[in-house]
Each structure stands twice: as C-alpha cells, then as structure tokens.
Amino acid sequence: MKKILLSTLAIATLSIVNVYAGGMDDIMQSKSSKQSTEKSTATTKGSKSSNKGKAALEREQLEQYASVNSDQLAKEIAAGQGETLDTLATMMKVEDTAAFASKLQSNYSKIYTSSEMKSSEVLSNISSLS
C-alpha cells in the first residue's frame, strides 16, 4: 500500500512540475512577444524621426535645450562664459567656443530683444549673428 501511495504521490508531483514548467514557457513566450513588439514600436518611432530630417531634429533638440536652460543660458551669455553656453556651442557645432561666447556677450542686446523671449527666437537671433 505504501508503494502505491508513494508512486501516486510521485506521479502527482511530476504532473504539477510539468504544469508549472508549461506555464513558465507561456510566460516566457508572452514576455518575448512583448519585447518584440516594443522593439518594433521603437524602430517605427525611429523611422519617423529620421524622416524629419537631421537638420530639423537637431534644431528641435537645440530649441528644447535652450528652453530648458533659458535662464542659465541668458546669464552665461551676459557673462561670456559658462558650461551651459559651452554645451550650446557644441550642439551648434561651433569650433571656437571662446570666440562664440565672446561674440554672444557683445551682442547680448541683439539676442535678447525683449524680456519674454522664446527659445526659438533666441536661437534665431544667435544664428543671425554668424
């Protein structure tokens, strides 16, 4: 009787393990499918961005940077130096950042023509100095 009971218990245990393993396979397949979908979505988004054109994307990034850092950027342009200004120069692919900073400092009133400037206006005024 003990042998039959142990055999039945062993078979039941194996059945439970197989069901659990099968469930894990389903979970893993579901996770893999989700990751594949996420990659496909990211690729599609990347394709849309590349369709905008590199110059437009760079301009958008510049405007976002200038907007987020607008107060600090104004202070650094007035001072003619600073990390935020150096980063802007790098983003604009300026080779001589010191000359760039000096030029912006001396033309501060041409860049900031009013107290409520949008980042796109500031960047346009900076570009017009070149």
Side-chain angles (χ1 to χ4, degrees):
M1 184 72 171
K2 284 185 180 180
K3 288 183 180 179
I4 294 174
L5 185 59
L6 287 173
S7 295
T8 305
L9 184 59
I11 291 170
T13 303
L14 285 173
S15 296
I16 291 171
V17 168
N18 285 336
V19 167
Y20 178 76
M24 288 304 291
D25 286 343
D26 290 344
I27 291 169
M28 295 305 288
Q29 286 175 347
S30 174
K31 186 175 181 179
S32 176
S33 176
K34 181 180 177 187
Q35 288 173 341
S36 177
T37 300
E38 288 171 354
K39 285 180 183 177
S40 175
T41 302
T43 301
T44 301
K45 286 181 181 176
S47 296
K48 288 178 184 176
S49 293
S50 63
N51 290 339
K52 280 186 170 181
K54 188 176 179 181
L57 183 60
E58 288 174 354
R59 181 66 180 195
E60 186 177 312
Q61 290 171 339
L62 271 172
E63 286 183 17
Q64 185 175 11
Y65 180 79
S67 177
V68 169
N69 298 289
S70 62
D71 292 339
Q72 186 63 30
L73 191 58
K75 290 175 187 175
E76 291 181 13
I77 289 174
Q81 63 180 358
E83 190 175 315
T84 307
L85 184 54
D86 289 344
T87 301
L88 180 70
T90 301
M91 292 176 75
M92 294 179 75
K93 299 176 181 155
V94 173
E95 291 181 23
D96 188 351
T97 57
F100 178 73
S102 178
K103 185 175 188 175
L104 295 186
Q105 181 184 28
S106 63
N107 289 288
Y108 184 88
S109 63
K110 291 180 182 176
I111 297 169
Y112 293 95
T113 56
S114 74
S115 61
E116 298 296 320
M117 297 286 295
K118 293 182 182 179
S119 59
S120 59
E121 295 170 327
V122 170
L123 291 172
S124 291
N125 292 344
I126 290 172
S127 295
S128 70
L129 297 174
S130 300

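Index from 1, following the sequence.
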* So, does Ser106 use its side chain to make a donor-acceptor pair with the main chain of Lys103 at under 3.5 Å? -> yes
* **Expected output: side-chain Gln105 to main-chain Ala78 donor-acceptor under 3.5 Å** => yes
* Structure fact -> Of all heavy-atom pairs linking Leu129 and Lys110, the shortest is CD2-CD, 4.3 Å
Report all side-chain donor-acceptor pairs from residues 79-91 shorter than 3.5 Å, counting only partners two or more places apart or in another chain.
from: Thr84; atom 1: OG1; to: Glu76; atom 2: OE2; distance (Å): 3.3
from: Thr87; atom 1: OG1; to: Glu83; atom 2: O; distance (Å): 3.0
from: Thr90; atom 1: OG1; to: Asp86; atom 2: O; distance (Å): 3.0

* To do: Could you give me the CA-CA distance, side-chain angles and deciding distance for Glu95 and Phe100, then say whether side chain to side chain contact (heavy atoms under 4.5 Å, CB included) is met?
  => CA-CA 9 Å; Glu95 291 181 23; Phe100 178 73; over 6 Å; no
* Count the heavy atoms belonging to other residues, nucleotides or ligands that lie under 6.0 Å from CG of Asp96, then report whether that count exceeds 12. => yes
* **Test side chain to side chain contact (heavy atoms under 4.5 Å, CB included) applied to Ser120 and Glu60, step by step** => CA-CA 9 Å; Ser120 59; Glu60 186 177 312; over 6 Å; no
* side chain to side chain contact (heavy atoms under 4.5 Å, CB included) between Ile77 and Ile126: does it pass, once the steps are laid out? -> CA-CA 11 Å; Ile77 289 174; Ile126 290 172; 4.2 Å; yes
* **Shared hydrophobic cluster for Val94 and Tyr108 (ILVMFWY, side-chain gaps under 4.5 Å)** => yes
* Any donor and acceptor pair, going by atom type alone, linking the side chain of Ser67 with main-chain N or O of Gln64 inside 3.5 Å? -> no
* Asked: If every non-hydrogen atom of Val122 is compared with every non-hydrogen atom of Tyr112, which pair is closest and at what distance?
  -> CG2-CE2, 3.6 Å
* To do: Start with the C-alpha gap between Lys118 and Ser70, add the side-chain angles, then the distance that decides, and say whether side chain to side chain contact (heavy atoms under 4.5 Å, CB included) holds.
  => CA-CA 9 Å; Lys118 293 182 182 179; Ser70 62; over 6 Å; no
* Quick one: does Glu63's side chain get under 4.5 Å of Leu123's, heavy atoms only? -> yes
